[in-house]
Amino acid sequence: MFDPVAYKHSTREQWQETAEAWDRWGPTLERWLGPATELMLDQAGVGPGARVLDLAAGAGGQSIAAAKRVGPRGSVLATDISPAILDYAAAAARGAGLANVEVRELDGEALDDLEACSFDAVISRVGLIYFPDQRRALRGIHRVLRPGGRVSAIVYSTAERNPFFSIPVTIIRRIAGLPAPAPGTPGPFSLGGPKVLEAAYEDAGFEDVHVDALDAPVRFESAAECVRFERESFGALHAMLAGLGRADRDQAWREIETELRPFERSDGFEGPCQLLIGTARRGS
């Protein structure tokens with residue numbers, strides 16, 4: 001049986017542990033996710049003077065991009081359940097000379113402490129997929145948006161279109177003896193099926209729902225470097241490996257590298273990845 005409380009607790013601990021690595025791989029993340037981030041911000045209408053809420057902000061790459069757009073008259077509230085990773089987001093904002101970014105430890109499913117109608121835009125970059133109660137999160141987003149405000153979120157599409165991630169998940173699931181995820185449980189591909197993200201937005205009361213698909217291949221010098229990236233910084237994979245001993249974990253990573261090696265080309269590794277950018281508007 002899926003236990004959302006235990007899941008959320010373990011997710012917080014995973015990101016506490018991998019915060020440093022996620023921040024260290026920041027330049028790689030921005031090269032990979034940068035185009036999708038810009039599209040997300042465009043679709044959310046993030047511009048000068050806007051008030052932006054970033055859910056599951058992580059180390060804050062997209063928070064920084066939003067803060068530069070909104071300028072000194074706007075603001076960005078970067079939130080996450082991991083205070084350790086928010087420390088990196090705060091440091092990144094300071095390093096960029098941005099005084100319009102606030103960080104706050106906050107559960108993205110529990111936005112009750114935020115004032116209703118207080119944001120022009122809400123964004124989330126590969127975060128909403130890991131919320132146990134996505135319906136509650138989206139209804140909370142609807143409440144804190146001003147009438148006419150927009151939400152835009154980046155999620156992975158289907159496992160078949162994201163083998164750089166689905167191959168490790170499949171191998172680890174087999175070695176760890178983990179069952180396939182039940183429908184409705186969180187995970188990297190939980191919102192990637194046909195019309196799933198659209199239905200989630202509509203169920204929360206949003207209008208003008210639109211989803212764009214964007215190919216965003218993951219590029220490294222080699223499959224081994226991709227494995228190192230995932231091994232160090234992907235909290236979801238850490239969680240799946242938690243019950244295994246050292247020998248089994250090492251075996252899993254060796255198999256993953258072998259299965260990813262066919263994506264190596266003469267000019268380096270290119271792992272297929274397709275992202276969805278889903279946008280919707282709160283009606284008046």
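Count residues from 1 along the sequence.
Taken to the nearest 0.5 Å, the CD1 atom of I64 stands 9.0 Å off from the CD atom of Q62. Here the CD atom belonging to E255 is positioned 4.0 Å from the CD1 atom belonging to I175, to the nearest 0.5 angstrom. We find the CG-CD1 distance between L39 and I154 to be 7.5 Å, quoted to the nearest 0.5 Å. With values rounded to the nearest 0.5 angstrom, H238 atom NE2 is found 13.0 Å from T11 atom OG1. Between the CG atom in L275 and the OH atom in Y156 there is a gap of 7.0 Å [rounded to 0.5 Å]. Distance check, rounded to the nearest 0.5 Å: OG1 of T79 to CD of E102 gives 10.0 Å.
A donor-acceptor contact closer than 3.5 angstrom links the side chains of D212 and H210. Under 3.5 Å, the side chains of R31 and T28 contain a donor-acceptor pair of N or O atoms. No hydrogens or angles considered: a donor-acceptor pair under 3.5 Å links the side chains of R125 and T37. Side-chain atoms of T279 and Q43 form no donor-acceptor pair, as typed in the model, at a separation below 3.5 Å.
One finds a salt bridge joining D250 and R246 here, because a Lys/Arg side-chain nitrogen approaches an Asp/Glu carboxylate oxygen to under 4.0 Å. For E38 and R69, the salt-bridge test passes: some basic side-chain N is under 4.0 Å from an acidic carboxylate O. Using a 4.0 Å cut-off between charged side-chain N and carboxylate O, R12 and E105 make a salt bridge.
The two residues Q14 and G235 come nearest to each other via the heavy atoms OE1-O, 3.1 Å. Nearest approach of A78 to A57, heavy atoms of both residues: CB-CB, 3.8 Å. Here the shortest heavy-atom pairing between L214 and P35 reads CD2-C, 4.1 Å. Taking all atoms of both residues into account, the shortest heavy-atom contact from L111 to G140 is CD1-C, 3.7 Å. Smallest separation of non-hydrogen atoms from F206 and R282: CD2-N, 3.8 Å. Of all the heavy atoms in Q16 and S82, the pair that sits closest is OE1-OG, 2.7 Å.
Under the side chain to side chain donor-acceptor pair (under 3.5 Å) rule, K8 has a single partner from D133, D3, D107, which is D107. Checked against E198 for a side-chain contact (heavy atoms from CB on, under 4.5 Å), the options L191, V211, D203 give a single hit: V211.
For the pair Y7 (side chain) and Y130 (backbone), a donor-acceptor distance under 3.5 Å is present. Looking only at distances, a side-chain donor or acceptor of S166 sits under 3.5 Å from a matching main-chain atom of A159. For the pair E264 (side chain) and A223 (backbone), a donor-acceptor distance under 3.5 Å is present. Between the side chain of R231 and the backbone N or O of L237, no donor-acceptor pair lies under 3.5 Å. Checked by atom type and distance alone, the side chain of N100 pairs as donor or acceptor with a backbone atom of G71 at under 3.5 Å. A donor-acceptor pair is defined here as one N or O able to donate and one able to accept, closer than 3.5 Å; no such pair exists between the side chain of R249 and the backbone of L241. Judged purely by atom type and a 3.5 angstrom limit, Q274 has no side-chain atom pairing as donor or acceptor with the backbone of N162.
Grouping the Ile, Leu, Val, Met, Phe, Trp and Tyr side chains by contacts below 4.5 angstrom, directly or via other members, places V126 apart from I81. In terms of hydrophobic clustering, with Ile, Leu, Val, Met, Phe, Trp and Tyr side chains grouped at heavy-atom distances under 4.5 Å, W15 and V155 are assigned to a common cluster. Placement of L33 and V46 within a single hydrophobic cluster is found when ILVMFWY residues are connected by side-chain heavy-atom separations under 4.5 Å, directly or transitively. In this structure, V169 is a member of the same hydrophobic cluster as L260, with clusters built from ILVMFWY side-chain heavy atoms closer than 4.5 Å. Y88 is not connected to L77 by any chain of hydrophobic side-chain contacts under 4.5 Å among Ile, Leu, Val, Met, Phe, Trp and Tyr, and they are in different clusters.
Sorted by first and then second residue, the salt bridge (Lys or Arg N to Asp or Glu O under 4.0 Å) pairs involving residues 267-279 (not counting sequence neighbours) are R219-E270, R265-D267, R265-E270.
Counting heavy atoms from C-beta on, the side chains of M240 and P168 never come closer than 4.5 Å. Inter-residue side-chain proximity for L114 and R104 is flagged as met; some heavy-atom pair is nearer than 4.5 Å. Counting only heavy atoms from C-beta outward, the side chains of I172 and I256 approach each other to under 4.5 Å. Side-chain atoms of V101 and D54, non-hydrogen and from C-beta on, never get closer than 4.5 Å to each other. Residues P186 and F2 have side chains in contact (heavy-atom distance under 4.5 Å, counting atoms from C-beta outward).
Ring planes of F234 and W32: parallel class, angle under 30° (limits at 30 and 60°).
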List the steps and the verdict of side chain to side chain contact (heavy atoms under 4.5 Å, CB included) for D120 and R146. CA-CA 6 Å; D120 301 297; R146 64 165 176 79; 2.6 Å; yes
Before you tell me yes or no, could you show the steps for S152 and I277 under side chain to side chain contact (heavy atoms under 4.5 Å, CB included), namely the whole-Å CA-CA distance, both residues' side-chain angles and the distance that decides it to 0.1 Å? CA-CA 7 Å; S152 191; I277 299 90; 3.6 Å; yes
Decide side chain to side chain contact (heavy atoms under 4.5 Å, CB included) for E232 and W25; before the verdict, give the C-alpha distance in whole Å, the side-chain angles of both, and the deciding distance to 0.1 Å. CA-CA 9 Å; E232 292 181 2; W25 285 96; 2.8 Å; yes
Give the C-alpha distance, both sets of side-chain angles, the deciding distance and a yes or no for side chain to side chain contact (heavy atoms under 4.5 Å, CB included) between L29 and W22. CA-CA 8 Å; L29 290 165; W22 191 255; 3.5 Å; yes
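By the neighbour-count criterion of 12 heavy atoms within 6.0 Å, atom CD of E207 is densely surrounded, having more than that number from other residues, nucleotides or ligands.
Separation of the F263 and F164 ring centroids does not fall under the 6.0 Å cut-off.
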